[in-house]
Amino acid sequence: MITGATTGFGKATALRFAENGYNIIINGRRKELLDVLEKELIAFGKIKILPLNFDVRKKDEVESVIGSLTEEWKKIDILVNNAGLAVGLDHIQNGNTDDWDRMIDTNVKGLLYVTRAVAPLMIARNKGHIFNIGSIAGKETYENGNVYCASKFAVDALSKSMRIDMLKNNIKVTLISPGMAETEFSLVRFKGDEQKAKNVYKGINALTADDIADVIYYCATLPDHVCINELVITPAQQASVNHSFRKE
Ligand code: NDP
Ligand code: 8X3
């Protein structure tokens, strides 16, 4: 099951697992994109796809949709908690509190609601692997990153806690913390301003969604006794959240 599969990391991850024969539950708010992806995934053949068009921020919907899965679909082996976003880039004293709510509600509370619904299904089978998509911004802070960073620091803390809480239940938890990756991320952060979004990656050979999908697939297909707890992945031109080398 992959949340936020309509674009970016989530979509690339769905494609990677589909080409390797996995049945996949895909989620996102944009139904038209989910429908297109469903067709693309089915084209790989011999796999089943279940699109679930819900907003991870809506607790009751998350509970009812996941609670109503058929027995077959309840057997979720891998959950990729990927749905997330940054909105705005302002000093804290100028921050837009609606933007803050969107980030905290999606990146932290949404991830919690989905995990709360899926983890018991995994525990019942004594088997499962949860991927949380954090960020390098959940390891270090940067100017104007404030609430986005805080939301991803929370994902870091939750990943560590989940791993401990479900240790006896044979549930692996892997935190993936990417650096700069060119997806719809910056377009969403800058509320549709394409030029501002493009400038973020100027002179940088940024990560692609496929790079992250490859890493997730690798971690998910290791032997049962091996768990990669966490990975920070950056473009070769990025050394930390505040240190990038841009080419002219
Ligand atoms: P995209 O904007 O391309 O993808 C985000 C996905 O999340 C979309 O499919 C979007 O679909 C979905 N989504 C957003 N809000 C919700 C919601 N409330 N309910 C369900 N789905 C939702 O960005 P990325 O692929 O880059 O981002 C994926 C994750 O990776 C995020 O958590 C992001 O914070 C993290 N990340 C991104 C980095 C980057 O540089 N790109 C670096 C580090 C981490 P829809 O709008 O259809 O709901
Ligand atoms: C996205 C990476 O550095 O733009 O999580 O915040 S950054």
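All ligand and atom numbering here is 1-based and tracks the order in the structure.
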Heavy-atom proximity to [atom], best of [options]:
| atom | options | value |
| --- | --- | --- |
| atom 13 (N) of ligand 1 | G10, A83, S135 | A83 |
| atom 20 (C) of ligand 1 | T3, N27, L207 | N27 |
| atom 4 (O) of ligand 1 | V155, D55, T7 | T7 |
| atom 28 (C) of ligand 1 | I133, N82, N53 | N82 |

Answer yes or no: does atom [atom1] of [X] have more than 12 heavy-atom neighbours from other residues, nucleotides or ligands under 6.0 Å?
| X | atom1 | result |
| --- | --- | --- |
| K191 | NZ | yes |
| D224 | CG | no |
| K59 | NZ | no |
| K139 | NZ | yes |

Subject >> side chain to side chain donor-acceptor pair (under 3.5 Å) partner of R125, chosen from N169, N170, D77 >> reply: D77
Original post:
Is there a side-chain contact (heavy atoms from CB on, under 4.5 Å) between N205 and K247 once you walk through the steps?
Top reply: CA-CA 9 Å; N205 192 359; K247 291 186 180 150; over 6 Å; no
Would you indicate whether the side-chain heavy atoms of [Y] and [X] approach each other to under 4.5 Å?
| X | Y | result |
| --- | --- | --- |
| L158 | V155 | no |
| I24 | I2 | yes |
| F9 | F131 | no |

Ligand-side contact atoms (ligand 2) for residue partner [X], heavy atom cut-off under 4.0 Å:
| X | result |
| --- | --- |
| A137 | 6 (O) |
| Y148 | 1 (C), 5 (O), 6 (O) |
| S135 | 1 (C), 2 (C), 5 (O) |

Nearest non-hydrogen protein atom, [atom]:
| atom | value |
| --- | --- |
| atom 34 (O) of ligand 1 | Y148 OH, 2.7 Å |
| atom 16 (C) of ligand 1 | R29 NE, 3.4 Å |
| atom 26 (O) of ligand 1 | T183 OG1, 2.6 Å |
| atom 25 (O) of ligand 1 | F9 N, 2.8 Å |
| atom 10 (C) of ligand 1 | T6 OG1, 3.8 Å |
| atom 5 (C) of ligand 1 | G84 O, 3.8 Å |

Close-contact set for ligand 1 against [X] heavy atoms, below 4.0 Å:
| X | answer |
| --- | --- |
| F54 | 19 (N), 20 (C) |
| G8 | 3 (O), 25 (O) |
| R57 | 18 (N) |
| R30 | 11 (O), 45 (P), 46 (O), 47 (O) |

Could you check whether any heavy atom of [X] sits closer than 4.0 Å to an atom of ligand 1, since that is the contact criterion I want to use?
| X | value |
| --- | --- |
| G134 | yes |
| G179 | yes |
| T106 | yes |

Original post:
Backbone, side chain, both or neither: what part of K152 comes under 4.0 angstrom of ligand 1, heavy atoms only?
Top reply: side chain
Does any N/O atom on [X] come nearer than 3.5 Å to any N/O atom on ligand 1?
| X | answer |
| --- | --- |
| V56 | yes |
| A181 | yes |
| G4 | yes |
| E182 | no |

Original post:
Under 6.0 Å between the ring centres of Y148 and F185?
Top reply: yes
Subject >> Any donor-acceptor N/O pair, R246 side chain to K202 backbone, under 3.5 Å >> reply: yes
**OP:** Without swapping roles, check the side chain of K172 against the backbone of A220 for a donor-acceptor pair under 3.5 Å.
**Re:** no
**OP:** Determine, for E72 against K48, whether the closest basic-nitrogen to carboxylate-oxygen distance falls under 4.0 angstrom.
**Re:** yes
Subject >> Charged N-O contact under 4.0 Å between E182 and K198 >> reply: no
